Amino acid sequence: MAQLGGGVPASGAAPPARPGRHRLLPYLLLLPGAAWLVLFFVVPLVQLAAASLYDPTGSLSTGYALTWAFGNYPEALQAYAPQFARSFGYAGAALVLALLMGYPLAYAIAQKAGRWKNLLLVCVVAPMFTSFLVRTLAWKTILSDNGALVGLLRDVHLLGPDGRLLATPVAVVLGLTYNFLPFLVLPLYASLERLDRRLLEAASDLYAGPLRAFRRVTLPLSMPGLIAGTLLFFIPATGDYINAELLGTPNEYMIGNVIDSAFLVRLDYPQGAALSFLLMAAILAVVFVYLRRAGTEEVL
C-alpha cells in the first residue's frame, strides 16, 4: 500500500518533491557567478561611468564633483583621436599577421600532427607560462639594434645600414602578434580538430580542388573557432599598452598608454574614465559589425 490509514506515506516511500524547489535551483546555482559579476564588474563600471562625468577642473587634492560633464567625451576624443586610430590599426595589422600564421598552424596541429599533436599544443601555450612583461622584454632583446635578427636583415639588405626594428610600429605589431597568438590558435584548433575528413574526401570526389574545398568546406566549418579566436585576439590587443611602452616610442603609443598615463601619471580621472568608455564603445561597435558580417557570410 502506498499510504496507511491517515494519509501517512508508507515506510520507505520518498516524500513528494516540492516543485518550487526545482524551479529555484538553476537560479541558486547562478547566484555565486552573478554576485561575482555584480561586485567586480557592474559596480566598478558604474563608478567609472560616474568618474567620466566629474568636473574636469577638480583634482585629487580639492576633490571631484559629479557635474554630469558630458563634454569630457568629445574633448577626450578630439585630443587623442590619433591614439585611437593607431590602436585599431596596430591591432588590425597584428590580427592579419596572426591569421596568416595561426590558421595554418592550427590546421596542421589538428589534421596533420598525429602523435605530435599534444607536444605542439604545449609549444603553443608554453609562452603563456611566463609573465606577459617578461615575454615582451624578451622581444625587446630580439629586436634590438645589435641583435642577430637585425644583423641578418641588414646582411640581406632588407634593412639599411642604420635600419632598425625596435622603437618602430613594426616592433609593436610583432609584439602584439606574438603575445596574443595563442588566443587565436586554440579556438581555431578546437574547431578544426572536429572537422570530419570525410567531407573533404567527398569534396574531392565532386572534383573540388584544394582551394575550393577549403573555401566551401574547411573555412565554413571552422568559422565558430575563427570568430572566437579573432575576438579573443583583437579585443585585448586594442587595449594593450605594454607592447607600445616597451617596444615603441611615444610616437607609437596606443590609447591604452594614454589611459594609463591619465590615471597614474596626470591623475586626470575624468579624462581617463571618458577615454576608457570611448574605447569600450568603439570595440563593441567593431565587434557588433564584425559578428553581423561574419554571421551573414556563414549563412551564405
Side-chain angles (χ1 to χ4, degrees), residues 87-130 132 135-136 139 170 172-240 243 279-280 282-300:
S87 296
F88 284 91
Y90 285 174
L95 177 59
V96 172
L97 186 58
L99 284 172
L100 293 176
M101 295 187 299
Y103 201 106
L105 176 61
Y107 183 87
I109 296 175
Q111 298 293 327
K112 306 294 184 180
R115 61 193 181 96
W116 301 101
K117 182 181 299 185
N118 291 334
L119 177 61
L120 291 174
L121 284 175
V122 170
C123 292
V124 170
V125 301
M128 301 179 68
F129 297 163
T130 60
F132 188 95
R135 300 200 305 268
T136 309
W139 269 93
V170 174
V172 179
V173 171
L174 289 176
L176 292 172
T177 304
Y178 170 77
N179 279 308
F180 296 109
L181 184 63
F183 296 104
L184 175 68
V185 171
L186 294 180
L188 268 174
Y189 162 79
S191 287
L192 291 168
E193 199 270 338
R194 295 193 297 267
L195 182 65
D196 191 346
R197 294 188 60 84
R198 292 175 297 179
L199 297 174
L200 298 177
E201 295 173 358
S204 178
D205 293 339
L206 294 172
Y207 304 104
L211 292 178
R212 186 175 177 83
F214 172 79
R215 186 172 63 87
R216 299 300 296 271
V217 179
T218 305
L219 183 59
L221 291 178
S222 65
M223 190 60 69
L226 182 62
I227 293 174
T230 51
L231 292 180
L232 289 174
F233 183 101
F234 182 79
I235 293 173
T238 306
D240 180 73
N243 288 277
L279 178 61
M280 285 190 290
I283 290 176
L284 286 175
V286 171
V287 169
F288 177 76
V289 173
Y290 171 69
L291 291 177
R292 287 289 298 271
R293 292 182 61 88
T296 302
E297 293 175 1
E298 187 175 1
V299 171
L300 295 176

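What you are looking at is a predicted structure, and each value in this text was computed from that prediction instead of being measured.
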Open item on the list: Contact between I109 and E193 at the side-chain level, heavy atoms closer than 4.5 Å - yes or no?
Closed with: no

Open item on the list: Let me confirm one number: the CZ-CG distance from F288 to L284, rounded to the nearest 0.5 Å.
Closed with: 10.5 Å

Open item on the list: Is the shortest side-chain heavy-atom distance between V286 and F234 below 4.5 Å?
Closed with: yes

Open item on the list: Is it the case that the side chain of D240 and the backbone of N243 share a donor-acceptor pair, with hydrogens and angles ignored and the cut-off at 3.5 Å?
Closed with: yes

Task: Trace of the side chain to side chain contact (heavy atoms under 4.5 Å, CB included) decision for F129 with V125 - done: CA-CA 7 Å; F129 297 163; V125 301; 4.1 Å; yes

Open item on the list: As an exercise, state the distance from CG of L219 to CG of L226, rounded to the nearest 0.5 Å.
Closed with: 6.5 Å

Task: Euclidean distance, T177 OG1 relative to L97 CG, rounded to 0.5 Å - done: 4.0 Å

TODO: Taking all heavy atoms of T130 and all of R135, pick out the closest pair and write down the distance.
DONE: O-NH1, 3.0 Å

Task: Minimum side-chain heavy-atom gap Y107-L188 below 4.5 Å - done: no

- [ ] Looking only at non-hydrogen atoms, find the nearest pair between V217 and A203 and report the distance.
- [x] CG2-CB, 4.1 Å

- [ ] Answer yes or no: is there a side-chain heavy-atom contact under 4.5 Å between F233 and N179?
- [x] no

Task: Contact summary for L192 and Q111, nearest pair of heavy atoms - done: O-NE2, 2.5 Å

Open item on the list: Using side-chain heavy atoms (C-beta onward) and a distance below 4.5 Å, is L232 in contact with P187?
Closed with: yes

- [ ] Check S191 against L221 and note the closest heavy-atom contact, atom names and distance.
- [x] CB-O, 4.4 Å

- [ ] List the steps, then state whether side chain to side chain contact (heavy atoms under 4.5 Å, CB included) holds for V185 with L121.
- [x] CA-CA 9 Å; V185 171; L121 284 175; 5.9 Å; no

- [ ] Answer whether the closest heavy-atom distance between the side chains of V170 and V173 falls below 4.5 Å.
- [x] no

Task: L95 CG to T238 OG1 distance, which is reported to the nearest 0.5 Å - done: 9.0 Å

Task: Side-chain heavy-atom pair L120, L105 within 4.5 angstrom cut-off - done: no

TODO: Would you mind reporting whether Y189 and R194 have side-chain heavy atoms less than 4.5 Å apart?
DONE: no

- [ ] Heavy atoms only: give me the nearest P127-C123 pair and the separation to one decimal.
- [x] CD-O, 3.4 Å

Open item on the list: Looking only at the side chains, is there a donor atom on one of Y290 and T230 sitting less than 3.5 Å from an acceptor on the other?
Closed with: yes

Open item on the list: Set out, in order, the CA-CA distance, both residues' side-chain angles and the distance that settles ring-ring contact (aromatic ring centres under 6.0 Å, His included) for F214 and Y103, then state yes or no.
Closed with: CA-CA 12 Å; F214 172 79; Y103 201 106; 5.5 Å; yes

Task: Taking every non-hydrogen atom, the tightest pair across L99 and L184 - done: N-CD2, 3.7 Å

